[in-house]
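Read the structure below first, then the notes.
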Amino acid sequence: VERTALNNSPSTGSLVCVGIGMTLGSHISPLARSHIEGADVVFAGVSDGVVELWLAGMNPDMRSLQPYYQKGKPRIETYHQMVDALLTEVRAGKRVCGVFYGHPGVFAWAPHKAIELARNEGYEAHMEPGISSEDCLYADVGLDPGTHGCQHFEASQFMLFRRRVDPSAWLMLWQVGLAGDRTQGRFSTDAAYLQVLVDVLARDYPLDHQVIVYQAATLPIHSPRIERLALADLPRATLGMADMVAVPPARPMQPDPEIQARVAALDRTAAA
Amino acid sequence: MSNVIDFLERKGKDAQLRHGSSDDVADALEEAQVDTSLRSAILAGDASGLQSLLKKDTFFSSQMPSEPEEERKEDDEDEDEDIPPQKDKRPVARAQASTTEASA
């Protein structure tokens with residue numbers, strides 16, 4: 001009803017946000033490819049220019065979202081503009097496909113927001129998952145998040161807000177190359193900001209604790225970055241926007257005797 | 001240029017080529033008639049060199065703000081009219097300008 005009122009005519013506009021995974025050619029699903037090839041217009045939010053060239057071969061109307069990024073401009077404004085770009089074409093009645101690297105719903109604001117707004121306006125909108133950086137990390141580093149549990153945080157959010165860390169689980173920090181950015185307009189970090197991050201982590205982890213800097217391969221010609229170093233050495237590492245830091249568990253899981261006793265009592269009741 | 005992109009896609013999805021020897025990759029590159037400089041970058045596993053040769057070396061990848069929307073709304077409420085927190089406050093002119101930029 002709202003859509004008809006806005007456009008004064010029935011619309012066929014729709015939106016799908018798809019993930020194409022991390023590595024060119026390796027991770028794209030047949031369904032994601034079908035959405036890309038069948039769309040009237042494709043918007044690309046990918047992390048590698050060569051991947052963007054690849055996408056351009058799948059649809060003649062492929063538009064890069066890269067021009068929205070500018071140093072000094074708040075990133076949230078960039079993301080709002082990405083949403084506006086997608087929604088403008090949906091409202092024009094087009095089948096729009098937003099293509100995002102990795103998984104479009106994992107550490108990615110614009111795809112969720114665009115789908116939410118499109119649905120609010122009465123348009124068909126949905127998301128197709130992709131293989132995220134986290135998925136690649138599990139395979140490349142050889143860890144299972146189910147073994148000890150796993151927490152994920154955006155690095156600056158982790159620094160600027162008090163979060164409850166469980167050092168018996170894995171801790172994943174995303175966008176660590178932007179660590180400490182309060183302006184939302186930086187695309188890098190430096191040793192001083194990373195030292196603050198280390199100081200926050202040092203509340204729960206020893207400084208000689210080994211952490212892993214990880215970056216998935218975006219092209220099928222190179223290996224992922226897997227660099228192990230002591231927590232104290234993190235400020236001296238070269239970290240980019242695509243790097244994650246994985247912090248392994250630093251202590252065993254703590255038993256909860258009270259809860260264990262309650263569960264045991266339930267077991268006895270069930271067996272009686 | 002399209003033959004190098006086609007080759008990369010093939011290398012990405014073909015298990016033998018993806019994990020094959022450098023001789024296998026070199027043979028496949030020759031067969032695909034990929035330019036010599038691009039071929040060298042691929043054989044060296046030099047992603048940044050390849051990006052540079054294809055004039056695609058500066059790319060931004062951040063897709064996530066540091067603060068959830070609820071916190072930002074409180075911070076921005078009194079100071080930033082330019083960032084629309086809700087769709088009914090979105091300036092239409094800006095949305096149209098954005099699309100033009102994206103198309104460029």
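Bear in mind that the values here come from a model prediction, so they are computed numbers and not experimental data. Because only heavy atoms are used, hydrogens play no part in the values below, and waters and symmetry mates are left out as well, while side chains stay in. Letters A, B, ... mirror the listed sequences (proteins, then strands); counts begin at 1.
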Query raised in the report: Of all residues at least two apart in sequence or in a different chain, which pass the salt bridge (Lys or Arg N to Asp or Glu O under 4.0 Å) check with A:Arg225?
Result: A:Glu227, A:Asp243
Requested in this report: With rounding to the nearest 0.5 Å, note down the distance linking CG in B:Leu54 to CD in A:Glu52.
Outcome: 12.0 Å
**Report entry** Nearest non-hydrogen partners of B:Ala47 and A:His222, listed with the distance
**Finding:** CB-CD2, 3.6 Å
**Report entry** Contact origin within A:Gln157 toward chain B - heavy atom pairs under 4.5 Å
**Finding:** both
Query - With A:Ser47 via side chain to side chain contact (heavy atoms under 4.5 Å, CB included) - residues at least two apart - result: A:Tyr101, A:Thr218, B:Ser61
Report summary line: Counting heavy-atom pairs under 4.5 angstrom with chain A, the leader among B:Gln51, B:Arg10, B:Lys55 is B:Gln51
Query raised in the report: Which residues in residues 13-33 of chain B have any heavy atom lying under 4.5 Å from a heavy atom of chain A?
Result: B:Lys13, B:Arg18
Under 3.5 Å, side-chain donor or acceptor atoms of residues 14-32 of chain A against the rest of the protein: list the pairs with distances, not counting sequence neighbours.
| unit_1 | atom_1 | unit_2 | atom_2 | d |
| --- | --- | --- | --- | --- |
| A:Thr23 | OG1 | A:Ala217 | O | 2.7 |
| A:Ser26 | OG | B:Gly12 | O | 2.6 |
| A:His27 | ND1 | A:Met22 | N | 3.0 |
| A:His27 | ND1 | A:Thr23 | N | 3.2 |
| A:Ser29 | OG | A:Ala32 | N | 3.0 |

Query - Any A:Asp48 side-chain heavy atom under 4.5 Å of B:Phe59 side chain - result: no
Query - Separation of B:Leu50 CG from A:Ile221 CD1 (nearest 0.5 Å) - result: 5.0 Å
Query raised in the report: Under 3.5 Å, is there a donor-acceptor pair between the side chain of A:Gln175 and the main chain of B:Met64?
Result: yes
Query - Validation row: B:Ser62, A:Tyr79 side chains within 4.5 angstrom (heavy atoms) - result: yes
**Report entry** Largest heavy-atom contact set with chain A, pairs under 4.5 Å, which of B:Gly45, B:Ala41, B:Ala44
**Finding:** B:Gly45
**Report entry** B:Gln63: which of A:Phe100, A:Phe107, A:Trp174 passes side-chain contact (heavy atoms from CB on, under 4.5 Å)
**Finding:** A:Phe100
**Report entry** Proximal component of A:Phe153, with respect to chain B [non-hydrogen, under 4.5 Å]
**Finding:** neither
Query raised in the report: Who among A:Leu219, A:Val50, A:Asp61 has the most heavy-atom pairs with chain B under 4.5 Å?
Result: A:Val50
Query raised in the report: Which answer fits A:Val46, side chain, backbone, both or neither, if we ask what part of it has an atom under 4.5 Å from a heavy atom of chain B?
Result: both
Query raised in the report: Heavy-atom distance under 4.5 Å between the side chains of A:Gln66 and B:Phe60, does that happen here?
Result: yes
